[in-house]
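Written out below as structure tokens is the structure these notes cover.
Per chain, numbering begins at 1; letters A, B, ... match sequence-line order.
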Amino acid sequence: PPQTPVRAAMSSIQQLRVDLTSSGDQPSAVLAVYFKNCTLDPTGEILQRVERLGQLFSQMFDQAVGLRCVGLGKQRFTLGVRLYYRVMEAMLKSEEKRLSVQNFSKLLNDSTFHTSLLACALEVVMATYGGTSFKNGGYSGGAGAPAETDLGFPWILDVFRLAAFDFYKVIESFIKAEPTLSKDNVKHLERCEHLTMETIAWRGDSPLFELLRLTHEEGPGEQVEPPST
Amino acid sequence: SHDYHFGLEDNEGISELFDCD
């Protein structure tokens, strides 16, 4: 049969579900070992964070799509969590090989890292369901539209109160760690990168300005230009 | 199968990006 946007989206959703069938909603045995190898075991914090962000995500999602879709947010979040744990495991394996260390205590106790990684996983799930067309300067549309037109990037950053600059940091490693990502999803994440670099990271309240200021204070250099410039 | 441009060098990864090297 001829390919239509809806058929293509249904196929992508089905593929994502198949890819995540073997991944659990909880950290795998391999991840549990990485957690135990930490100087400070992050297991409790990680599970609590997922629980807290899950409630927040579902609440904001259901609020955005309306009463007729209550419960849908939780389903999407569950898929996102599976992808989050799966990519985290692949990232740690890759880092272990690259750095020859097994103690990732600092990284695994970094709340910003986890929130960014989970946000990236959810962005992939949302893009798979919602398509990847531009609308009103962000992303939205596709098979999930029009009910989900407000859920495109950077919606997730607002929900998790995450700086675009931090979200940006996980994208490349995420793509490297998840070779089954569809071409469309890779393209979507690449567009999130571009949108961040071109506009979002340079908004007045971005932590980037403070980081640049600190960097300049540490060494000789020019004054950081104000956001308006 | 995609043309994403990987920019990280061999000595850079998620650990360095989150200042955990």
Rounded to the nearest 0.5 Å, what separation is found between the [atom1] atom of [X] and the [atom2] atom of [Y]?
X	Y	atom1	atom2	value
B/Phe18	A/Lys106	CZ	NZ	12.0 Å
A/Lys169	B/Ile14	NZ	CD1	8.5 Å
B/Ser15	A/Glu96	OG	CD	11.5 Å
A/Glu172	B/His5	CD	NE2	7.5 Å

Inset, instruction - Report, by ascending residue number, the residues of residues 112-119 of chain A in heavy-atom contact with chain B at a distance under 4.5 Å; give 'none' if the set is empty. - result: A/Thr112, A/Phe113, A/Ser116

Legend entry - Results of ring-ring contact (aromatic ring centres under 6.0 Å, His included) for A/Tyr84 - residues two or more places apart only: none

Inset, instruction - Go through the atoms of A/Phe174 and report whether side chain, backbone, both or neither lie under 4.5 Å from a heavy atom of chain B. - result: neither

Inset, instruction - Output all residues satisfying side-chain hydrogen bond (donor to acceptor under 3.5 Å, both in side chains) with A/Glu51, sequence neighbours left out; order by chain, then residue number. - result: A/Gln55

Inset, instruction - With sequence neighbours excluded, tell me which residues meet side-chain hydrogen bond (donor to acceptor under 3.5 Å, both in side chains) with A/Ser111. - result: A/Arg49

Legend entry - Smallest separation among heavy atoms of B/Glu16 and A/Leu99, with atom names: OE2-CD2, 3.8 Å

